[in-house]
Amino acid sequence: MTAASLFDGHDAAINIMRRIIPDHSGVEVMHLGHDRSVEGSGGVPFKEDTQAIAMTGYQGGHSLSISSTCSTCTEGEEGAGHIKIFGGGGGTILPSEMEELPGYGITRLYGG
């Protein structure tokens, strides 16, 4: 599942990835669109047997959104601890955040 929290042009990476992933892995990608959060997606990740969530952050606030998503998946009533969470954000994720975020349960964090 992919979704973008903003629609500001920087979300282009998620549009590229949702096309690359199926081509190279055969995995189906469900894109929920823009201005979406896990909480605001109506439980789609849990209803659709989602195996992974890809998140991107370019405008700040990524630490909160990634940690919140991890908490929703691991602590939520849906029992979605199996969902792998991947995040990235180019040069906006600070080295200290690169060290902190894996502690929330993120599978892999990409920074630059």
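Position 1 is the first residue of the sequence, and the numbers go up from there. Heavy-atom basis, side chains included; hydrogens, waters and symmetry copies ignored.
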Nearest 0.5 Å, what's the CD1-CD1 distance between I21 and I16?
11.5 Å

Report the distance from atom CG of L109 to atom CD1 of I85, rounding to the nearest 0.5 Å.
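One gets 11.5 Å once the value is rounded to the nearest 0.5 Å.
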
Taking V27's backbone N and O only, do any of them form a donor-acceptor pair with S25's side chain (distance below 3.5 Å, no angle check)?
yes

For the side chain of T107 and the backbone of F86, is there at least one donor-acceptor N/O pair under 3.5 Å apart?
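A pair under 3.5 Å: no.
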
Is any side-chain heavy atom of N15 closer than 4.5 Å to one of H31?
yes

Does the side chain of K84 reach to within under 4.5 Å of the side chain of Q51, using non-hydrogen atoms?
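Answer no - side chains too far apart.
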
Treating Ile, Leu, Val, Met, Phe, Trp and Tyr as nodes and any side-chain heavy-atom pair under 4.5 angstrom as an edge, say whether I83 and M30 lie in one connected cluster.
yes

Shared hydrophobic cluster for I53 and I106 (ILVMFWY, side-chain gaps under 4.5 Å)
yes

For S96, give me all partners under side chain to side chain contact (heavy atoms under 4.5 Å, CB included), at least two apart in sequence or on another chain.
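With neighbours one apart ignored, the set is L94.
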
Going by atom type alone, with no hydrogens or angles, which donor-acceptor pairs under 3.5 Å involve a side-chain atom of residues 98-105 and a protein atom two or more places apart or on another chain?
residue, atom, partner, partner atom, Å
E100, OE2, Y104, OH, 3.2

Taking only residues two or more places apart in sequence or in another chain, which ones pass side-chain hydrogen bond (donor to acceptor under 3.5 Å, both in side chains) with R19?
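side-chain hydrogen bond (donor to acceptor under 3.5 Å, both in side chains) check on R19 returns nothing, list empty.
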
